[in-house]
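Predicted model, so just to flag it, every value in this text is computed and none were measured.
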Amino acid sequence: MNMDDSSASYIHMVHHLIEECLIFNMSKEECMEALSKHASVKPVITSTVWNELEKENKEFFEAYTRNRDQRATDMEKRGRIQFRVNAYMREKGNKD
C-alpha cells in the first residue's frame, strides 16, 4: 500500500465516522471532539473532511443544520414548560 492509498483510506474512515456522528445528530464541533477523543483523529482533519462533505452535499447540510436548530428550539421550549409545571406543582404542594 502506498502513501496515497493509506491517506485515501484514512480520509474514507474519517468520512465514515462523520456519517456516524450525523446519525447521532452531532454538530461539527461535537463531532470533532468525539473523533478526537474516541478515534484519535485530529480536529483539523475532521473539520477539513466535514467542510468537503458540506461542499459536496450543500442541500443535505442546510437541512441538517435547520433540523438541529429546530430540535434545539423544541427542547428549549419543552424545558421551559417543564420548569413552569414543576414550579406550579411545588407552589401547589406548599398551599395544600
Using side chain to side chain donor-acceptor pair (under 3.5 Å) as the criterion, list what pairs up with [X], not counting sequence neighbours.
X     : result
His12 : none
Gln70 : Asp74
Asp69 : none

Please report the interatomic distance [atom1]([X]) to [atom2]([Y]), rounded to the nearest 0.5 Å.
X     : Y     : atom1 : atom2 : value
Glu33 : Met26 : CD    : CE    : 9.0 Å
Arg78 : Arg71 : CZ    : CZ    : 9.5 Å
Asn51 : Lys55 : CG    : NZ    : 7.0 Å
His16 : Ile11 : NE2   : CD1   : 15.0 Å

Problem set entry | Heavy-atom neighbours of Glu54 CD exceed 12 at 6.0 Å | yes

Exercise. State plainly whether one hydrophobic cluster holds both Ile81 and Met89, where clusters connect Ile, Leu, Val, Met, Phe, Trp and Tyr through side-chain heavy atoms under 4.5 angstrom apart.
Key: yes

(message) Starting from Leu17, can I reach Val44 by hopping between I/L/V/M/F/W/Y residues whose side chains sit under 4.5 Å apart?
(response) yes

Taking every heavy atom of Arg68 against every heavy atom of Glu30, the minimum-distance pair comes out as NH2-OE1, 3.3 Å

All heavy atoms of Cys31 vs all of Trp50, minimum pair found to be CB-CZ3, 3.8 Å

Residues passing the salt bridge (charged side-chain N to carboxylate O under 4.0 Å, His left out) test with Arg80, sequence neighbours excluded, are Glu76

Exercise for review: Please examine the side chains of Leu22 and Phe60, heavy atoms only from C-beta on, and report whether any two atoms are closer than 4.5 Å.
Suggested key: yes

Hits for side-chain contact (heavy atoms from CB on, under 4.5 Å) against Tyr10, two or more places apart or cross-chain, chain-then-number order -> Met13, Val14, Val41, Ile45

The complete set of side chain to side chain donor-acceptor pair (under 3.5 Å) pairs with one or both residues in residues 34-47, sequence neighbours excluded, reads Lys28-Ser47

